[in-house]
Amino acid sequence: MTRGRATTVRRRLLAVPVLAGLAGLLAGCGIRATEVPTDFGAAPSRARCSLSEPDVTTQSAHAGVLVQVFLLCGSSLVAVERSVRVPDGAPDSERRALVAQGLLDQLAESPSAAEKEAGYTTDVRGGMSVVGPRPKDPDDALRLSTSPGSLTSYALAQLVCTFSDSAAAEGDGSVILGGPGSEPLRRYVCTDEVRSRPGSTEPPSSAVTDGG
């Protein structure tokens, strides 16, 4: 064996205990040794759920009465400012329905670029409409073109919390909703739990009798 080859063999033999010791240290720390580099990618981004400044683009595109709608951000509901158009001099029941339709349209609208960047989304789909009460319904009842029970828990939470905190309802933190069919009306309540966990906590509700 030549001198150069002997030196190479000796270096390899010395490296074996060092590598074994390193593997033992990694195992002791709960880290599994690997023979190839592992690329975990960039750290996941966290939604800020806060606009750095008022979204003037969205507000200016819809001149009218300033309102708040609840969008999804992360795992909770967050209020953002929008505006809806409501004719002056409309009767209370008609005004409620007009406000509710404007709010519904805003919820179904895709969030603006600034809102998307901040992490906002919506689970309310377009194509829905809302009208005021039928003859035997309470004056503050709203009827959706889609049954509330068929909505996702996220969408229902968005609607309930948005409507109950607006001129579409009585302002007591609740709203009476029904569908287009003969199903009974129900009074839905927007609670802190609903706002913080809309995906797992549905708005509490109770049956409403005709006329109140």
Side-chain angles (χ1 to χ4, degrees), residues 62 64-72 75-111 120-212:
H62 304 279
V65 179
L66 194 64
V67 296
Q68 285 189 330
V69 299
F70 282 87
L71 299 181
L72 299 167
S75 59
S76 61
L77 294 180
V78 181
V80 299
E81 289 188 347
R82 295 286 177 83
S83 60
V84 298
R85 296 178 180 273
V86 180
D88 294 332
D92 286 347
S93 59
E94 183 180 345
R95 182 180 178 84
R96 286 194 185 100
L98 291 172
V99 171
Q101 185 63 60
L103 294 170
L104 181 58
D105 292 341
Q106 289 296 315
L107 287 171
E109 187 172 294
S110 179
Y120 291 99
T121 61
T122 183
D123 213 47
V124 178
R125 298 295 174 255
M128 276 198 297
S129 61
V130 58
V131 295
R134 293 176 180 172
K136 292 185 179 181
D137 291 346
D139 291 340
D140 56 342
L142 296 170
R143 287 193 174 271
L144 301 169
S145 59
T146 299
S147 170
S150 67
L151 300 175
T152 67
S153 59
Y154 290 105
L156 182 59
Q158 285 185 260
L159 286 175
V160 169
C161 289
T162 297
F163 286 165
S164 65
D165 193 40
S166 74
E170 292 295 329
D172 60 354
S174 69
V175 61
I176 299 176
L177 295 177
S182 59
E183 64 185 66
L185 294 168
R186 299 191 68 83
R187 182 181 292 276
Y188 294 87
V189 182
C190 177
T191 63
D192 292 339
E193 290 76 14
V194 172
R195 285 191 290 268
S196 61
R197 295 188 299 274
S200 57
T201 304
E202 291 194 355
S205 65
S206 58
V208 176
T209 58
D210 291 344

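The basis for the numbers below is simple: all heavy atoms, side chains too, and nothing from hydrogens, waters or symmetry mates. Position 1 is the first residue of the sequence; numbering continues from there. Quick caveat, the model's predicted, so the values are computed rather than measured.
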Heavy-atom side-chain contact between Thr191 and Pro203 under 4.5 Å: no
Leu151 vs Met128 side-chain heavy atoms within contact, under 4.5 Å: yes
Closest heavy-atom pair and its distance - [X], [Y]:
X      : Y      : answer
Ala157 : Pro198 : CB-CB, 3.7 Å
Phe163 : Val175 : CB-CG2, 3.9 Å
Leu142 : Ala168 : CD1-O, 3.9 Å
Leu159 : Leu104 : CD2-CD1, 3.4 Å
Tyr188 : Pro148 : OH-CB, 3.6 Å
Val84  : Gly102 : CG1-C, 3.5 Å

Set of side-chain contact (heavy atoms from CB on, under 4.5 Å) partners for [X], sequence neighbours left out:
X      : result
Ser150 : Thr146, Ser147
Arg125 : Asp123
Asp192 : Arg195
Ala108 : Val124

Tell me whether [X] contacts the main-chain N or O of [Y] through its side chain, where contact means a donor paired with an acceptor under 3.5 Å.
X      : Y      : answer
Ser145 : Ser129 : yes
Glu81  : Gln68  : no
Arg143 : Pro180 : no
Ser196 : Ser76  : no

Pairs flagged by disulfide (SG to SG under 2.5 Å) wherever residues 123-201 is involved - sequence neighbours left out: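 Non-adjacent pairs meeting disulfide (SG to SG under 2.5 Å): Cys161-Cys190.
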Taking only residues two or more places apart in sequence, or in another chain, which ones meet [X] in a side chain to side chain donor-acceptor pair (under 3.5 Å)?
X      : answer
Glu94  : none
Ser200 : none
Ser166 : none
Asp140 : none

Residue pairs passing the salt bridge (Lys or Arg N to Asp or Glu O under 4.0 Å) test where at least one lies in residues 151-160, sequence neighbours excluded: none
Salt bridge (Lys or Arg N to Asp or Glu O under 4.0 Å) contacts in which one or both residues fall within residues 196-209, not counting sequence neighbours: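 Every pair satisfying salt bridge (Lys or Arg N to Asp or Glu O under 4.0 Å) with a residue in residues 196-209: there are none.
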Modelled atom types, side-chain donor and acceptor of Ser206 and Arg187, under 3.5 Å: no
With sequence neighbours excluded, residues passing salt bridge (charged side-chain N to carboxylate O under 4.0 Å, His left out) with Glu170: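 With sequence neighbours excluded, Glu170 shows a salt bridge (charged side-chain N to carboxylate O under 4.0 Å, His left out) to Arg96, given in chain and number order.
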Distance in Å, Leu77 CG paired with Gln158 CD, rounded so as to fall on 0.5 Å steps: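 CD of Gln158 is found 6.0 Å from CG of Leu77.
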